[in-house]
**Student:** 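The structure's right below; bear with me while I get my questions together.
A quick note: this is a predicted structure, and the numbers were derived from the prediction, not measured. Remember, it's 1-based here, ligands and their atoms both numbered in the order they're listed.
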Amino acid sequence: MNRKRTPKLNIRVTPARWVAFRTLQDFRKGQKFIDEILHDYADSSRLSREDRALSHQLVYGVLRNLYRLDFWIDRMSSKGIGSLPESIVDALRLGLFQLAFLDRIPAHAVVDESVRLCDAISMGPIKGLVNAILRRFPGRRDALEADIERDPRQVAIQTSHPDWLIDWANHLFGKDRAEAWLRHNNTPPRLHLAPITSHFPQAPTPSRSEREAKAIRRLLEAIGEGEAKTDGETVTWEGGLPVAELGVIRSGQAYVQDPAARQAVKLLEPKPGETVYDLCSAPGGKTLQIADLLESQGKLVSVDSNVNRLKQVSENLSRCGFDWVETVCRDLTRGWEEANQSADAVLVDAPCTGLGTLRRKVDLRYRLKPSDVEELAKKGLSLLENASRLVRPGGRLVFSTCTLTLEENEETVRRFLSKHSKEWNLVREIKSPAWLFSDTEDDQSEVETDGSYCALLSRAN
Ligand SMILES: C[S@@+](CC[C@H](N)C(=O)[O-])C[C@H]1O[C@@H](n2cnc3c(N)ncnc32)[C@H](O)[C@@H]1O
């Protein structure tokens, strides 16, 4: 296994903070996703469950508040943030985040630990400055916040989003909704678990809806009804255990999926006996959802170009008892003549900017560039073209993304339809979360979901 080695640490810094610090350092190099970096360091440091949770809270908290923390550091250091070594900036970000947002860690412990961290990274000579900034912070916090209120970049600093994303959101949603969306991106998401229903024998419980209700009840019981809630389709749960350790996940009774991500398969409506292709399928949430609906009758082919991610699909399928599903590694920007017109239903879940998932992917907003939108829209169109060829006459096609840009969503579908107007029809489009797009008052229950787009197209006979 290719595990990252955590550099040896001789001076006492608690393991969770050391892992969080190393993760922030690697994040700056920008080559890997934050959850991968964190996971690798947590594994190689053999963090306990509690320490994993704390390092996760520290890293995600710092990234959700990055611009605000940097504003504070800039104002409190005499020569500005740019004059400080990067590792010291990371140590200060961690320290200030704990002082400002976590009330269960005493201030003196945060300061002492941050000073020890300076020694641990051979930055001892600068520890006096770190000590002074952290000790002064509580007394200066209100004045710093007032400075932010007066700053022309107030919204960017308060919500920690790059200017181009704020401009984009203002333009598309209007100022008030854009601001609600920016703040929503900093609220930790709940966990949604979808039950596997098809494992319940069809007799003596004949209808699918009865079996679904039974599967939900079993999930609620397994998690503990006090902690878990249900919307009738998924179970939401906030509590402590890492997902992979949940018994219902390990035993293949459930998988993690946000309600917004479930829309595409609901729109496709795969039925037992059909031939279905799930394209751009990894890590396989929608493959599991389709497999569950097909109830082992028919054919499901799950396709992705990334061999490592496809392995995750296979693991998920076998964990949930769906070994009958085929997995294929293939670049779908190229044609696939042998499979042409062979499917009743095709889902293409295109790679996208992921703007609907910023709550979960806290590093994404800093990695995206405006040019990504156009590039991914182009790729989405090429995937949609190739996917459409796999659908038989009279069959169905769903194009979906987890982003919110018009270019990657509606405009891609419109471009496709304008080229194929005789053969293809748009049946329905769904955009989530509804509160961001609808004309009615904000619905708080909707605020809980991610953002997504899906369009159902039908092919003429
Ligand atoms: C949004 S993710 C899919 C999520 C997945 N459908 C699910 O529900 O778990 C997009 C996927 O597209 C895959 N992908 C990107 N370019 C591709 C291509 N040219 N051909 C096939 N798959 C591709 C990526 O590897 C990635 O797994």
**Student:** Show the atoms of ligand 1 that are less than 4.0 angstrom away from any heavy atom in Ser281.
**Tutor:** 5 (C), 6 (N), 7 (C), 9 (O)
**Student:** Where does Ser305 meet ligand 1, judged by heavy-atom distances below 4.0 Å: at the side chain, the backbone, both, or neither?
**Tutor:** both
**Student:** List the closest protein heavy-atom neighbour of atom 6 (N) of ligand 1: residue, atom name, distance to the nearest 0.1 Å.
**Tutor:** Asp349 OD2, 2.6 Å
**Student:** Is the shortest side-chain heavy-atom distance between Asp43 and Arg52 below 4.5 Å?
**Tutor:** yes
**Student:** Are Cys402 and ligand 1 in contact, using a heavy-atom cut-off of under 4.0 Å?
**Tutor:** no
**Student:** So is Gln289 in contact with ligand 1, going by heavy-atom distances below 4.0 Å?
**Tutor:** no
**Student:** Just jot down the ligand 1 atoms closer than 4.0 angstrom to any heavy atom of Asn306, in number order.
**Tutor:** 25 (O)
**Student:** Using modelled atom types and a 3.5 Å cut-off, is there a donor and acceptor pairing between side-chain atoms of Thr401 and backbone atoms of Ser452?
**Tutor:** no
**Student:** Does His161 reach the main-chain N or O of Thr159 with its side chain, forming a donor-acceptor pair under 3.5 Å?
**Tutor:** yes
**Student:** Can you tell me which residue and heavy atom of the protein come closest to atom 16 (N) of ligand 1, and the distance to 0.1 Å?
**Tutor:** Lys379 NZ, 2.9 Å
**Student:** Test of understanding: given a 4.0 Å heavy-atom threshold, classify the contact between Arg309 and ligand 1 as side chain, backbone, both, or neither.
**Tutor:** side chain
**Student:** Show which atoms of ligand 1 fall inside a sub-4.0 Å distance from at least one heavy-atom site of Asp331.
**Tutor:** 18 (C), 19 (N), 20 (N)
**Student:** Does Arg330 reach ligand 1, in the sense of a heavy atom lying below 4.0 Å from it?
**Tutor:** yes
**Student:** Would you mind reporting whether Leu317 and Thr287 have side-chain heavy atoms less than 4.5 Å apart?
**Tutor:** yes
**Student:** Let's go through Arg396 and Arg459 carefully: what are the C-alpha distance in whole Å and the side-chain angles of both, what is the deciding distance for side-chain contact (heavy atoms from CB on, under 4.5 Å) to 0.1 Å, and is it a yes or a no?
**Tutor:** CA-CA 6 Å; Arg396 320 181 298 286; Arg459 186 170 192 168; over 6 Å; no
**Student:** Which atoms of ligand 1 have any heavy atom of Thr333 under 4.0 Å away?
**Tutor:** 19 (N)
**Student:** Measure the shortest side-chain to side-chain distance between Asp292 and Gln289 over non-hydrogen atoms and say whether it is less than 4.5 angstrom.
**Tutor:** no
